[in-house]
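Have a look at the structure below before the remarks.
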Amino acid sequence: MPRHEFQPGRLVAGVVVTAAGALYAGDAGGTWETPWFVVIPLMVGGLCLAAVAGMVGRGIRRRAGGGANRGETWASTSR
């Protein structure tokens with residue numbers, strides 16, 4: 001599998017969406033009762049946290065002089 005740059009915003013967003021899916025799966029399976037309005041603050045808060053994590057990650061890559069600052073992408077430097 002080719003290497004790619006780490007994107008913390010997408011990681012956080014994926015964890016939040018997976019948690020929301022697990023909540024609804026537990027509700028559908030009868031394990032617990034999940035009110036419909038519980039997922040709204042979870043998703044809003046999680047997506048805001050993902051945006052902050054993405055901006056911090058991008059700022060770190062820019063300060064470190066990574067490819068994002070020079071306009072290079074992984075595909076253009078992989079050869």
Side-chain angles (χ1 to χ4, degrees):
M1 184 165 119
R3 291 185 56 101
H4 56 85
E5 66 182 23
F6 177 64
Q7 296 179 341
R10 288 188 180 188
L11 174 66
V12 172
V15 168
V16 169
V17 171
T18 302
L23 280 174
Y24 277 134
D27 185 31
T31 306
W32 56 75
E33 181 85 18
T34 305
W36 65 270
F37 55 83
V38 169
V39 176
I40 294 171
L42 176 69
M43 292 297 292
V44 170
L47 292 177
C48 288
L49 184 62
V52 169
M55 287 187 287
V56 168
R58 183 177 174 104
I60 289 172
R61 280 194 306 272
R62 281 194 170 180
R63 283 189 183 259
N69 192 22
R70 295 188 305 263
E72 296 175 352
T73 61
W74 175 81
S76 66
T77 59
S78 65
R79 296 176 200 202

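Just so it is clear, the values below take in all heavy atoms, side chains as well, and ignore hydrogens, waters and symmetry mates. On a predicted model such as this, the values are computed, not experimentally measured, just so you know.
Among residues at least two apart or in separate chains, there is no side chain to side chain donor-acceptor pair (under 3.5 Å) pair with a member in residues 45-56.
The two residues G57 and P8 have their closest heavy-atom pair at CA-CG, 4.2 Å.
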Donor-acceptor pairs are to be reported for all side-chain atoms of residues 33-55 against protein atoms at under 3.5 Å, with residues two or more places apart or in another chain.
| residue | atom | partner | partner atom | Å |
| --- | --- | --- | --- | --- |
| T34 | OG1 | L23 | O | 3.3 |
| T34 | OG1 | W32 | NE1 | 3.0 |

Side-chain polar contacts of residues 10-19 - donor-acceptor pairs under 3.5 angstrom, sequence neighbours left out - could you list them?
| residue | atom | partner | partner atom | Å |
| --- | --- | --- | --- | --- |
| R10 | NE | Q7 | OE1 | 3.1 |
| R10 | NH1 | Q7 | OE1 | 3.4 |
| T18 | OG1 | G14 | O | 2.7 |

